[in-house]
2 protein chains.
Amino acid sequence: MYKAPVEEIAFTLKHVAGLTPALDGGHLGDLTDDLVDAILSEAGRFATEEVAPLAAIGDTQGARFVDGTVSMPDGWPALYRAWAEGGWNSLTASPDFGGQGLPHMLHVAALEMWNSGSMAFAIGPTLTIGAIEALTAHGSDHLKSTYLPKMVSGEWMGSMNLTEPHAGSDLGVMKTRAERRDDGTYRLFGQKIFITYGEHDFTDNIVHLVLARLPDAPAGTRGISLFLVPKFLVNDDGSLGSRNDAHCHSIEHKLGIHGSPTCTMIYGDGRFGDAPGAIGWLIGEENRGLACMFTMMNNARLAVGMQGVAIAEAATQKAIAYAKERTQGKAPGRQGSGMSPIIEHPDVARMLLTMKVLTQGARAITYACAHAVDLSHGDDAKHWADRASLLTPIAKSFATDAGVDVSSLGVQVHGGMGFIEETGAARLYRDARIAPIYEGTNGIQAIDLVTRKLPLSDGNHIRGFIAELREIAAKARAANTPELGETGARLEASIADLEAATEWLLATLAEGKQAEALAGATPYQRLFGLVLTGAYLAKGALADGGDGRNGERAVLCRFAAENVIGETVALKDRVMSGAASLAAARAVLG
Amino acid sequence: MYKAPVEEIAFTLKHVAGLTPALDGGHLGDLTDDLVDAILSEAGRFATEEVAPLAAIGDTQGARFVDGTVSMPDGWPALYRAWAEGGWNSLTASPDFGGQGLPHMLHVAALEMWNSGSMAFAIGPTLTIGAIEALTAHGSDHLKSTYLPKMVSGEWMGSMNLTEPHAGSDLGVMKTRAERRDDGTYRLFGQKIFITYGEHDFTDNIVHLVLARLPDAPAGTRGISLFLVPKFLVNDDGSLGSRNDAHCHSIEHKLGIHGSPTCTMIYGDGRFGDAPGAIGWLIGEENRGLACMFTMMNNARLAVGMQGVAIAEAATQKAIAYAKERTQGKAPGRQGSGMSPIIEHPDVARMLLTMKVLTQGARAITYACAHAVDLSHGDDAKHWADRASLLTPIAKSFATDAGVDVSSLGVQVHGGMGFIEETGAARLYRDARIAPIYEGTNGIQAIDLVTRKLPLSDGNHIRGFIAELREIAAKARAANTPELGETGARLEASIADLEAATEWLLATLAEGKQAEALAGATPYQRLFGLVLTGAYLAKGALADGGDGRNGERAVLCRFAAENVIGETVALKDRVMSGAASLAAARAVLG
């Protein structure tokens with residue numbers, strides 16, 4: 001059973017991702033170290049004791065669709081209420097609407113733990129928090145005062161409606177339309193698919209944020225507007241009014257996250273209300289809907305990255321526990337009779353250590369990204385906004401790939417038992433698989449990284465970042481402890497790979513060779529993630545955590561340097577020399 | 001929908017794996033090229049038209065356990081009968097018992113296609129064929145004449161009973177016991193788990209091959225005997241007699257291959273018969289059961305490798321079809337209005353080409369292994385037996401890892417649709433995951449490869465093999481066509497990595513440093529598979545297939561050389577320098 005790794009999370013936040021320097025520098029208001037510890041500890045307790053025990057039933061029972069409504073798994077509505085009553089929905093929300101205004105870092109740390117407990121459960125609240133962010137940033141005062149207090153308290157949940165059958169990665173072609181009404185409202189007509197928590201029985205009302213197109217809107221992504229469409233209209237006194245013309249048509253039968261209802265939503269077919277048309281209110285300006293969405297989409301991407309970390313952590317804990325208990329064969333050097341715990345077999349240890357490295361690397365990257373988000377409103381806003389922008393696609397893709405890879409290794413460590421559903425390792429493997437896909441596939445992230453993020457500040461932001469990584473490697477080399485082995489030299493070599501690939505991409509983009517640059521986007525993204533894994537593990541190993549675990553961190557860091565990150569050399573090569581053979585071979589695909 | 005790639009399979013058999021030279025050299029009896037084509041074509045037709053259409057119902061309905069019996073999915077019993085009536089069960093079986101005595105190569109090629117159609121279906125017949133092999137090699141004349149004709153005709157199926165709750169990878173600790181009876185029979189008592197097709201309604205009788213321990217047996221693997229235990233006893237006239245005291249207690253709820261019943265079998269609890277004890281007949285000699293099993297276990301490992309190839313092929317076909325049809329966004333260089341088919345996006349093309357390379361590499365390795373099995377009974381038996389021994393763990397592990405990796409990429413190419421079960425990509429991803437586990441985990445294969453296979457013929461067999469690979473690389477370099485790009489040089493570099501890692505392992509083993517060698521076993525196995533992938537793709541590209549597709553093969557080979565196999569350098573490094581940091585980091589695991 002999962003146990004929230006509160007100490008490891010706190011260490012990573014404070015000593016790797018930058019929380020302690022930010023606290024010391026007074027950049028995070030009146031937040032204190034003690035408060036951080038208290039919040040993490042309680043979020044961890046909730047994840048361990050309340051969420052995790054209900055994960056299995058959520059998977060086996062799943063969300064059930066009956067006559068237009070969705071019944072959530074047994075025990076989940078009560079779990080949601082307990083979660084909302086615990087104040088977890090309001091962590092980062094504005095105090096103006098009942099929120100606690102805490103840094104994003106704390107939110108993502110808590111998010112990791114809840115997702116480890118049950119990704120299918122945590123995804124719902126995550127999307128509500130995204131809706132709160134979008135509404136806070138772009139909603140009118142009337143919309144904010146009407147909806148935000150109840151969304152922040154958790155009394156109502158939200159949903160994000162972007163995808164349509166023909167508009168997934170490419171939202172520009174969406175067809176859902178909105179018509180203006182004289183009273184300033186709009187009527188929406190259309191179908192949305194893959195709407196997470198579009199319908200459920202957690203709350204009385206659901207506040208749908210819906211992208212749609214006005215009749216006179218420009219084509220493409222510049223003609224999309226964002227609307228708030230509540231399931232039930234809200235009376236002036238805040239009570240629920242009549243049902244809006246929006247409903248869930250069906251839910252999907254999915255590989256994983258069975259407890260999360262994935263809805264097809266119908267807007268404006270006349271099923272409810274006097275005349276067809278779902279009543280909606282504009283959020284932000286007309287035709288600027290995608291920009292409004294992007295405010296929260298970056299955080300949503302980071303939140304999905306956290307799901308990768310979360311699954312990886314849960315899978316690693318489970319595999320280590322099994323490998324200590326299960327005995328088979330004799331490991332090299334085993335004396336006496338009896339079988340060895342399989343953890344003593346070098347190959348099993350290699351799997352487990354690789355799982356640990358990928359998990360901790362992904363955690364550090366995502367937390368560092370959240371930290372950049374937090375500081376992007378302060379003194380050095382441009383620098384930190386660039387950093388957050390640069391790290392977001394890496395956090396999303398590297399962590400979600402880690403979720404898949406680590407959960408697959410987790411199944412493998414369990415042997416035949418891993419393939420049996422009751423063991424639970426297979427559920428993590430199934431749940432993990434959506435994360436590289438939704439909120440922008442990892443391929444989309446790679447395009448974003450290469451074409452939009454590398455050129456930030458004329459390429460100087462990333463150059464500065466690489467210089468920071470070089471400092472870490474130099475410190476590791478200078479430390480030169482036996483525990484760190486060849487960490488310094490290995491890390492320097494991988495950073496050199498990153499630097500070479502980066503400069504090649506910047507030059508290639510500058511020459512207008514888009515196809516060549518994009519051919520290497522995914523290998524580059526992976527390369528970046530591996531380098532950051534090595535660097536952040538080294539940063540942690542070199543920090544003084546004050547917990548006597550620096551030796552452990554150092555040997556794990558060495559394992560990462562000498563056994564995990566070495567393929568940066570092949571990835572660099574793929575970025576810089578792979579495009580021609582990729583272009584030539586496309587003929588094979590017909 | 002899957003379409004058997006008969007031409008590609010025939011090409012690989014003939015021009016890469018060695019079938020044509022063996023036919024030309026008269027090493028395969030009176031088999032002709034035309035007969036090969038006819039068999040492949042008909043096996044492909046059966047897989048495409050009969051098996052594949054029933055895969056989805058097998059998955060959604062699954063095998064159902066009711067009151068001690070197993071109902072197979074709708075349509076599957078008829079499918080099995082059609083398969084058996086087609087003579088497919090008897091392809092490689094001895095003509096003495098109704099078989100066709102054809103080479104193993106043809107069997108594995110057909111196996112690939114049936115597994116692409118439905119892995120859950122194909123695994124049952126595969127195990128029966130394994131049981132036929134073991135019985136043919138080690139059974140008494142009486143057992144053979146009683147059981148083999150009906151097993152070869154497919155009237156009865158077989159099952160293989162090895163695993164027990166505490167004896168998986170380590171069979172030496174198994175507890176099922178066998179008692180001698182005065183009439184020469186034995187009585188078996190015990191429980192077996194994970195017994196594939198241990199119970200079903202395909203056939204009237206099931207012939208269980210069961211490993212058990214005699215009361216006076218030595219401890220460990222040298223005290224295990226093999227028994228034939230039929231579900232129904234067989235009368236002298238060949239008709240079915242009374243029910244034996246063996247039954248299925250339950251079936252597992254698994255991640256994948258739902259149509260395949262995975263049974264817990266109970267032997268000798270008195271549920272059937274006059275007195276407790278399942279009646280069994282010894283196969284081979286007492287206490288030599290594991291050796292008897294190993295006869296067929298190597299072929300079973302290769303058969304599981306074929307499942308990896310099969311899933312990879314099916315996933316690749318599915319993903320390519322979807323990527324041609326689905327449009328999103330504009331690929332670089334796209335002119336005019338409208339969206340591009342996603343196959344035109346470089347990142348999607350990279351995924352698809354990687355899938356193709358891994359599939360074809362895995363196919364070539366497994367077929368080459370089957371070819372070595374075929375020739376291991378001929379003129380140069382020792383050489384080919386060594387080759388088959390060497391290739392078996394690589395074929396099993398590389399191909400099954402390819403099944404997992406390729407089916408995961410297949411889900412990714414489908415985007416959100418990939419996560420929806422009805423699409424079918426998720427089923428392949430679920431089915432694939434067992435293959436790296438059963439018939440010896442891939443970690444066990446790596447141990448076998450390093451500790452038993454590298455030292456064959458004092459290390460000279462592998463050295464000779466590497467020399468053969470060098471010849472292929474030299475030819476690629478000499479050909480120097482634009483299509484092949486840097487294939488020659490890249491392949492030579494990867495072969496050098498393999499050679500260095502091999503010599504290091506041989507030296508390390510010779511020094512008795514078992515733990516150090518085993519620490520690198522999995523990276524070494526992967527390294528070997530990647531080198532073989534590059535080499536076999538080059539061999540195919542350099543061959544004259546006479547089908548005008550050499551240009552296509554060359555550009556795919558170049559893609560493999562320049563975009564897939566490059567991590568051999570990191571893998572070599574892990575083998576040769578990774579053990580110390582692995583040993584040091586184990587402390588982290590507690």
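Keep in mind that this is a model prediction, so the values were computed, not measured. Hydrogens, waters and symmetry mates play no part in the numbers below; they use all other heavy atoms, side chains included. Chain A is the first sequence line, chain B the second, and so forth, proteins listed ahead of strands; every chain is numbered from 1.
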Using a 4.5 angstrom heavy-atom cutoff, name the option from [options] with the most pairs to chain B.
options                                : answer
A:Ala561, A:Gly551, A:Ala580, A:Gly485 : A:Ala580
A:Gly418, A:Ala349, A:Ala323           : A:Ala349
A:Ala519, A:Ser169, A:Ala521, A:Gly566 : A:Ala519
A:Leu571, A:Val564, A:Thr163           : A:Val564
A:Ala515, A:Ala446, A:Ala579, A:Ala219 : A:Ala515
A:Asp347, A:Ile437, A:Asn563           : A:Asn563

Derivation of the ring pair (Phe, Tyr, Trp, His ring centres under 6.0 Å) call for A:Tyr429 and B:Tyr429: CA-CA 10 Å; A:Tyr429 181 66; B:Tyr429 180 67; 4.5 Å; yes
Atom [atom1] in [X], atom [atom2] in [Y]: separation rounded to 0.5 Å?
X        : Y        : atom1 : atom2 : result
B:Ser408 : A:Asp401 : OG    : CG    : 8.0 Å
A:Phe194 : B:Ile420 : CZ    : CD1   : 4.5 Å
A:Thr441 : B:His414 : OG1   : NE2   : 14.0 Å
A:Thr423 : B:Lys254 : OG1   : NZ    : 12.5 Å

Side chain [X], main chain [Y], donor-acceptor under 3.5 Å:
X        : Y        : answer
B:Gln514 : A:Gly333 : no
A:Arg433 : B:Val411 : no
B:Asp170 : A:Gly329 : yes
B:Arg586 : A:Glu344 : yes

Pick whichever of [options] has the most heavy-atom pairs under 4.5 Å with chain A.
options                                : result
B:Ile343, B:Val569, B:Thr327           : B:Ile343
B:Leu556, B:Ile434, B:Ile320           : B:Ile434
B:Gln412, B:Glu252, B:Glu562           : B:Gln412
B:Gly520, B:Pro523, B:Gly172, B:Ala425 : B:Pro523
B:Glu552, B:Glu422, B:Arg350           : B:Arg350
B:Gly168, B:Ala587, B:Gly443, B:Ser577 : B:Gly168

Sort [X] into side chain, backbone, both or neither according to what part of it lies under 4.5 angstrom from a heavy atom of chain A.
X        : result
B:Met339 : side chain
B:Ala331 : neither
B:Pro165 : backbone
B:Leu589 : both

Verdict with supporting geometry, A:Arg490 and B:Asp573, salt bridge (Lys or Arg N to Asp or Glu O under 4.0 Å): CA-CA 11 Å; A:Arg490 299 280 182 142; B:Asp573 177 55; 2.4 Å; yes
Pair A:Glu567 + B:Arg574, salt bridge at N-O below 4.0 Å: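 Answer for the salt bridge query: yes.
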Note: A:Glu421-B:Arg430 ion pair, threshold 4.0 Å (strictly below):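 Salt bridge: no.
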Partner of B:Pro346 under side chain to side chain contact (heavy atoms under 4.5 Å, CB included), chosen from A:Leu518, A:Thr522, A:Ile447: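 For B:Pro346, the side chain to side chain contact (heavy atoms under 4.5 Å, CB included) test succeeds with only one of A:Leu518, A:Thr522, A:Ile447, which is A:Leu518.
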Closest heavy-atom pair and its distance - B:Gln328, A:Ala167: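 Taking every non-hydrogen atom into account, OE1-C, 3.8 Å.
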Where B:Phe559 and A:Ala585 come nearest, the two heavy atoms and their spacing: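 Smallest heavy-atom distance, with atoms named: CB-CB, 3.8 Å.
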Over 12 non-hydrogen atoms of neighbours within 6.0 angstrom of NZ in A:Lys330: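 Check passes, neighbour count above 12.
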Min side-chain heavy-atom separation B:Phe419-A:Thr262 under 4.5 Å: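 Of all side-chain heavy-atom pairs linking A:Thr262 with B:Phe419, none is under 4.5 Å.
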